[in-house]
Amino acid sequence: MTLALPAAAATPSHAVYSSAGDRAAEKAFVDALMAKMTLEEKLGQLNQPRGLGSNTGPAAMAADDAQIAAGAIGSILGSHGAERTCRLQRVAVEQSRLGIPLMFASDVIHGHRTVFPVPLAESASFDPEEVRIAARHAAVEASAHGIHWTFAPMLDISREPRWGRVVEGAGEDPYLGSVMAAARVRGFQGDDLAAPDTLLATAKHFVAYGAAEGGRDYDVADISERTLHELHLPPFKAALEAGAESVMASFNEVAGVPMHAHRGLIEGLLREQWGWDGILVSDYTGVMELIPHGVAGDREDAGRLALAAGVDIDMVSEIYLKDLPAAVREGRVPMAQVDASVRRVLNAKFRLGLFDDPYRYCDVQRQEALTLNPEQRAAARRMAQKSFVLLENDGDVLPLSKSLRTLAVIGPLADNRHTMLGNWAVAGRVEDTVTPIEGLQAALGDRTRLVVVKGAEIEGDDTSGFDEAVRAAQSADAVVMFLGEHPEMSAEANNRTSLDLPGVQQQLALAVAATGKPVVVVLLNGRPLSIGALQGRVPAILEAWYPGVEGGHAISDVLFGDVAPSGKLPMTFPRNVGQVPIYYAHKNTGRPPRAEEKYTSKYIDVHWTPQYPFGHGLGYTTFGYDQLKVERAKLALAAPEQRVSVRVTNTGKRAGTEVVQLYLRDDVASFTRPVRQLRGFERVTLQPGESKTVTFELGFDDLSMLDASLKPVIEPGTFTVFVGGSSSATAEAGFEVTEQ
Ligand code: GLC
């Protein structure tokens with residue numbers, strides 16, 4: 001039995017509880033339950049150990065049955081599988097004094113067993129509906145495996161490609177990040193949390209983790225409050241407005257205050273200002289880490305600070321469980337803070353319907369039916385196709401013909417299963433993947449002879465394989481190279497000081513390109529890379545990220561033109577790491593770079609522009625833009641609605657999809673403004689010669705900026721819009737906002 005998954009997943013008619021609106025029933029139930037609970041049982045609800053076999057941080061104690069039976073555990077990290085979670089749930093419900101069900105949490109970051117492309121790749125699709133569907137599939141499959149709660153989406157905006165975790169997010173832009181945040185939350189949580197195919201979503205890592213100095217995980221984010229509000233907070237606001245039921249605190253400090261003790265941003269902003277009342281979960285040992293941060297003298301101090309800041313659940317430190325009972329009894333920790341956190345945890349369990357039926361996620365048949373089924377694989381393949389970004393295609397080398405006699409396949413990643421899964425593929429299995437070579441074989445059958453040569457390892461300086469690779473290229477009609485990073489070079493604690501292709505891969509590419517054959521480099525990697533040396537030498541470069549279980553098929557779909565590439569870069573690709581940070585929404589400064597003027601903001605050894613800008617991506621056709629119009633040359637402050645339209649035409653010979661992007665500049669304001677900011681995008685598919693007029697609506701949120709007290713305002717003055725296929729779009733038009 002396979003449930004075909006419609007766009008908005010069907011909610012079973014037997015849903016006995018809808019999370020919306022039953023707050024009165026929820027309060028009455030939770031009040032009555034809390035009245036029966038001891039202090040130890042309350043603190044038990046705030047304790048989240050890791051499950052046996054799961055480990056996403058420093059080694060720590062694993063949950064055991066005795067602790068569950070004693071009511072000392074409220075949720076478990078990383079246990080999954082209908083049978084395993086069911087057994088643990090029976091211990092909690094049937095052996096503990098109050099029978100409070102457990103919540104099972106896991107990092108379902110980009111799929112569960114059906115591993116989708118990594119989030120940075122999904123964001124490159126600029127297709128929020130496809131991203132929502134991917135998250136929906138992930139929720140259906142993960143919940144069938146007994147999971148109630150995912151620690152996703154990761155919302156960290158970052159302009160730091162050295163940081164390993166850029167792979168987990170939506171890139172450098174808060175607008176794109178906000179759109180993707182909402183799409184993922186809606187996909188994970190669906191329409192009804194009490195349905196057995198929905199997950200609690202977690203907006204993480206709160207906040208500004210992507211600003212860690214030097215791109216080093218866990219390091220300091222020393223940023224202005226304005227940058228915090230303009231860059232890092234918007235995706236969290238979007239996620240909470242989309243209904244995210246959980247937020248995870250980040251490891252870093254923000255301007256001197258570690259986030260796990262940041263009462264101002266958790267209690268103050270999230271709860272009091274934004275009115276959000278979901279679960280704030282610590283990151284892995286994040287509560288304990290207040291000690292090395294130097295703001296807590298001992299474990300109890302750390303627990304006291306975190307609870308007071310509004311951290312409801314202590315992941316893995318076991319401080320709330322073991323060090324707070326005495327502190328509460330001796331009056332050093334207010335009982336009211338414990339109660340507030342316990343209530344939020346019990347509310348979540350109530351909304352999940354676990355008090356109605358704690359075993360609703362324990363259906364082994366459902367698990368079988370909803371694991372890696374054809375619909376899920378098809379969605380993973382479609383998402384991968386849309387996520388690829390064609391960076392170069394000189395001489396239209398791509399698409400390749402399927403009637404090639406001989407195709408050389410070169411590079412260390414051509415048959416690497418791990419790069420298909422990428423990182424944070426917690427339940428992913430390499431045997432589920434389709435490698436690039438398998439994709440080529442499936443696409444070409446035995447019509448084309450594949451000459452496969454590794455040529456070099458991912459790392460190391462051994463060039464002894466180059467000769468064989470060059471010979472293979474010389475013997476072939478075309479060459480496809482699979483180069484990049486292995487997944488352990490990005491994601492958590494995998495930061496790099498270089499953005500170059502690791503090892504001797506770049507030299508291998510240049511040696512093969514020197515044969516003069518049509519060479520395509522397919523990049524499999526988790527961050528922007530500095531690959532400028534390939535430009536003009538390797539005619540075609542396709543960024544494929546870590547493309548998921550169906551990656552091999554999706555790569556061939558695009559290489560041979562069954563599907564045209566349509567992705568756009570969600571992060572700037574620098575010319576080299578020395579340019580970092582480099583991003584499109586930069587400030588103009590008092591001396592914007594000019595080649596003819598020495599004393600302007602630039603370098604003497606590298607051009608100041610990036611290798612590839614945010615929003616860049618080619619297709620197999622070309623697009624023309626004209627008839628750019630703003631509906632109102634002037635608009636009143638009191639009615640800040642503007643409509644911008646542009647005609648896009650497919651000026652090439654093949655059908656294609658363009659991501660039409662609209663950027664806005666506030667020309668003069670009381671605070672410096674970026675030279676342009678993304679304020680709208682739309683995917684448009686056009687046949688050769690076909691045109692479509694695309695219209696964007698701009699309103700208060702688009703035109704406003706933050707005033708001196710960080711409140712959004714629109715200031716009268718002129719604005720400029722730029723429209724095109726990347727952040728370096730040149731078509732522009734202006735309008736003015738006037739006082740009356
Ligand atoms: C890790 C990550 C976080 C993840 C958590 C649980 O350290 O920082 O993103 O959700 O631990 O695995």
Side-chain angles (χ1 to χ4, degrees), residues 47-63 74-80 103-112 118-120 135 138 142 147-158 163-170 181 184-185 188 199-212 215-219 221 235-236 239 244-253 258-260 278-290 292-293 306 311-318 422-428 487-488 490-495 526:
N47 179 42
Q48 182 182 108
R50 68 178 178 86
L52 271 177
S54 92
N55 195 9
T56 57
M61 281 293 291
S75 52
I76 294 180
L77 159 65
S79 289
H80 50 82
M103 276 191 291
F104 293 101
S106 196
D107 293 285
V108 183
I109 309 297
H110 52 109
H112 186 62
V118 289
L120 189 62
I147 294 167
H148 305 123
W149 182 11
T150 178
F151 291 145
M154 186 270 214
L155 308 181
D156 305 321
I157 296 300
S158 187
W163 187 44
R165 303 199 77 166
V166 295
V167 70
E168 302 170 46
R184 290 192 170 112
V185 167
F188 288 132
L199 300 176
L200 296 184
T202 306
K204 76 179 186 182
H205 308 81
F206 189 72
V207 66
Y209 191 8
R216 288 182 302 275
D217 258 326
Y218 323 119
D219 212 316
F236 285 89
E245 289 276 347
S246 171
V247 168
M248 182 184 291
S250 57
F251 288 120
N252 55 287
E253 69 165 66
M259 280 310 304
H260 281 74
I279 297 177
L280 194 297
V281 61
S282 86
D283 203 337
Y284 195 104
T285 67
V287 173
M288 181 281 296
E289 291 173 20
L290 294 176
H293 267 296
V311 177
D312 297 318
I313 291 183
D314 168 12
M315 185 195 293
V316 175
S317 299
E318 294 196 303
N423 13 57
W424 284 111
V426 170
E488 286 315 302
S490 62
E492 185 173 358
N494 291 324
N495 315 307

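Atoms within a ligand are numbered from 1 in the order they appear, just like the ligands themselves.
Using modelled atom types, one finds no donor on one side chain facing an acceptor on the other under 3.5 Å when comparing Asp156 with Ser158. In summary, the side chains of Tyr218 and Glu492 do present a donor paired with an acceptor at a separation below 3.5 Å, with no hydrogens or angles considered.
Looking at Asp107, Asp283, Val281 and measuring to atom 11 (O) of ligand 1, the nearest heavy atom belongs to Asp283.
One N or O on the side chain of His148 and one on the backbone of Phe104 form a donor-acceptor pair closer than 3.5 Å. Looking at Asp107, its side chain never comes within 3.5 Å of a backbone N or O of Ala152 through a donor-acceptor pair. Between the side chain of Asn495 and the backbone N or O of Gly164, at least one donor-acceptor pair lies under 3.5 Å.
Those atoms of ligand 1 that come under 4.0 Å of a heavy atom in Tyr284, given as number and element, are 7 (O), 11 (O). Applying the 4.0 Å criterion to heavy atoms of Phe251 picks out, from ligand 1, the atoms 7 (O), 8 (O). Within the listing of ligand 1, atoms 3 (C), 10 (O) sit less than 4.0 angstrom from a heavy atom of Met248. Of all the atoms in ligand 1, the ones that sit under 4.0 Å from a non-hydrogen atom of Phe151 are 10 (O). Each of the following atoms of ligand 1 lies closer than 4.0 Å to a heavy atom of Lys204: 3 (C), 4 (C), 9 (O), 10 (O).
Taking the six-membered ring for Trp, His293 and His260 have ring centres at least 6.0 Å apart.
Using cut-offs of 30° and 60° for the angle between ring planes, the Phe251 and Tyr209 rings count as perpendicular.
Contacts between Met154 and ligand 1 below 4.0 angstrom, taking non-hydrogen atoms only, are absent altogether. Contact annotation: for Arg165 versus ligand 1, heavy atoms closer than 4.0 Å belong to the side chain alone. The part of Glu492 lying near ligand 1 is the side chain, judged by heavy-atom distances below 4.0 Å.
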